[in-house]
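Note sheet for the following structure.
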Amino acid sequence: KICNSANFGSKNNKLLNFFSTVKNNKIKGTTIKGDSFHDYSQILHSKQDSDNISYKKDIIMNYVSEAINLFDKTFNENNYRLIHGDIHRHNIVERNNELVAIDPIGYIAPFEIEIARYIGTELTDEPTISKATFHDMVKTLSVFASEETLISAIFIDIVFRLHNSIFENDNYILTDKWLNILKELF
């Protein structure tokens with residue numbers, strides 16, 4: 001396994017180098033808006049208009065409202081960039097002794113959402129949620145943004161993905177997993 005929570009830590013220089021490369025990508029989101037990339041902010045804000053949720057609607061919509069407010073307070077559109085949008089250990093492969101991302105979604109979003117996607121997927125892949133592992137991942141990746149900003153981005157993106165899970169699955173197992181992560185960590 002490459003870069004999973006079991007071997008995560010500051011000794012994982014390949015992962016840190018990988019995220020450094022991602023952060024230094026020079027394609028700013030404001031220069032490519034209108035192209036065929038997904039606008040993360042617009043999608044997040046549209047979630048507040050969801051009327052067709054029947055499963056735990058009040059809980060989910062309260063989280064959506066909180067995530068939107070936190071997003072607007074935390075991030076500035078001038079700092080959006082083109083991000084992969086689906087970074088996790090299954091979409092990171094090693095080639096020529098470097099980590100390479102595959103299977104992108106393509107979002108215009110704050111860079112911190114990229115890290116949030118990675119950490120969020122690690123949390124759903126674990127059988128139990130470890131606050132220590134969560135804080136270790138945040139601390140290690142805080143070389144790219146403050147811990148507070150990363151934790152905000154993780155919360156926002158977990159809510160984003162929680163909302164998506166209602167429509168992407170035949171059952172609510174993943175939805176309940178996201179809800180449990182929010183309950184345990186936030």
Side-chain angles (χ1 to χ4, degrees), residues 1-9 12-47 67 71 75 79-127 129 133-134 136-138 140-141 143-145 149-150 152-179 181-182:
K1 292 180 177 179
I2 294 177
C3 310
N4 67 346
S5 57
N7 68 10
F8 197 90
N12 197 336
N13 290 331
K14 284 184 183 178
L15 183 65
L16 292 174
N17 288 338
F18 172 79
F19 275 114
S20 180
T21 300
V22 172
K23 183 176 183 181
N24 291 327
N25 127 24
K26 300 297 181 198
I27 305 172
K28 296 289 185 180
T30 54
T31 63
I32 55 176
K33 276 198 175 232
D35 285 342
S36 60
F37 301 107
H38 305 282
D39 183 326
Y40 189 93
S41 175
Q42 183 179 43
I43 294 168
L44 176 65
H45 282 83
S46 73
K47 293 179 184 305
F71 183 89
F75 298 109
N79 293 325
Y80 293 2
R81 60 182 64 238
L82 177 60
I83 64 170
H84 181 282
D86 197 22
I87 294 288
H88 55 78
R89 75 174 100 142
H90 306 291
N91 280 351
I92 300 174
V93 296
E94 191 164 357
R95 183 177 63 194
N96 298 329
N97 208 28
E98 288 186 336
L99 299 181
V100 178
I102 59 172
D103 197 21
I105 293 174
Y107 281 112
I108 304 300
F111 164 73
E112 293 84 356
I113 296 299
E114 196 82 274
I115 294 172
R117 283 273 156 138
Y118 178 84
I119 292 174
T121 301
E122 285 300 313
L123 294 171
T124 61
D125 284 350
E126 293 299 314
I129 300 164
T133 300
F134 172 72
D136 183 41
M137 289 189 286
V138 169
T140 300
L141 293 170
V143 297
F144 301 110
T149 301
L150 289 179
S152 294
I154 295 163
F155 174 82
I156 292 161
D157 196 57
I158 287 173
V159 172
F160 187 104
R161 296 164 79 184
L162 161 67
H163 187 276
N164 286 357
S165 71
I166 293 290
F167 306 102
E168 296 176 344
N169 298 284
D170 294 336
N171 58 48
Y172 299 114
I173 294 170
L174 183 58
T175 303
D176 286 333
K177 198 165 205 176
W178 287 125
L179 285 167
I181 290 168
L182 287 166

Under 3.5 Å donor-acceptor pairs involving side-chain atoms of residues 100-110, not counting sequence neighbours:
none

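To the nearest 0.5 Å, atom NZ of residue Lys47 and atom CD1 of residue Ile166 are 10.5 Å apart. With rounding to the nearest 0.5 Å, the separation of CD in Glu114 from CD1 in Ile87 is 4.5 Å. One finds the CD1 atom of Ile158 at 9.5 Å from the CG atom of Leu162 (value rounded to the nearest 0.5 Å).
Residues Thr124 and Thr121 share a closest heavy-atom pair of OG1-O, 2.9 Å. Across all non-hydrogen atoms, the minimal contact from Ile173 to Asn171 is N-OD1, 3.1 Å. Looking at every heavy atom in both residues, Asn91 comes nearest to Asp86 through ND2-O, 3.0 Å. What you find for Ala67 and Leu44 is that their closest heavy atoms are O-CD2, 4.2 Å.
With sequence neighbours left out, Ala153 forms a side chain to side chain contact (heavy atoms under 4.5 Å, CB included) with Phe75, Glu112, Ile113, Ala116. Every residue meeting the side chain to side chain contact (heavy atoms under 4.5 Å, CB included) condition with Asp176, not counting sequence neighbours, appears here in chain and number order: Tyr55, Lys56, Tyr172, Leu179. Partners of His45 under the side-chain hydrogen bond (donor to acceptor under 3.5 Å, both in side chains) rule, at least two apart in sequence or in another chain, are Ser41, Asp72. Taking Ser152 as the reference, Leu70, Thr74 meet the side chain to side chain contact (heavy atoms under 4.5 Å, CB included) condition, with sequence neighbours excluded.
Contact annotation: the side chain of His90 approaches that of Asp125 to within less than 4.5 Å [non-hydrogen atoms, C-beta and beyond]. Contact check for Leu150 versus Ile119: no side-chain heavy atoms found under the 4.5 Å cut-off. Between Met137 and Leu123, some side-chain heavy-atom pair lies under the 4.5 Å cut-off.
Side-chain polar atoms of Asp157 and Tyr40 form a donor-acceptor pair below 3.5 angstrom.
A donor-acceptor pair under 3.5 Å links the side-chain atoms of Arg117 to the main chain of Gly85, judged by distance alone.
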request  = May I have the step-by-step check of side-chain contact (heavy atoms from CB on, under 4.5 Å) for Leu174 and Arg161, ending in yes or no?
outcome  = CA-CA 9 Å; Leu174 183 58; Arg161 296 164 79 184; over 6 Å; no

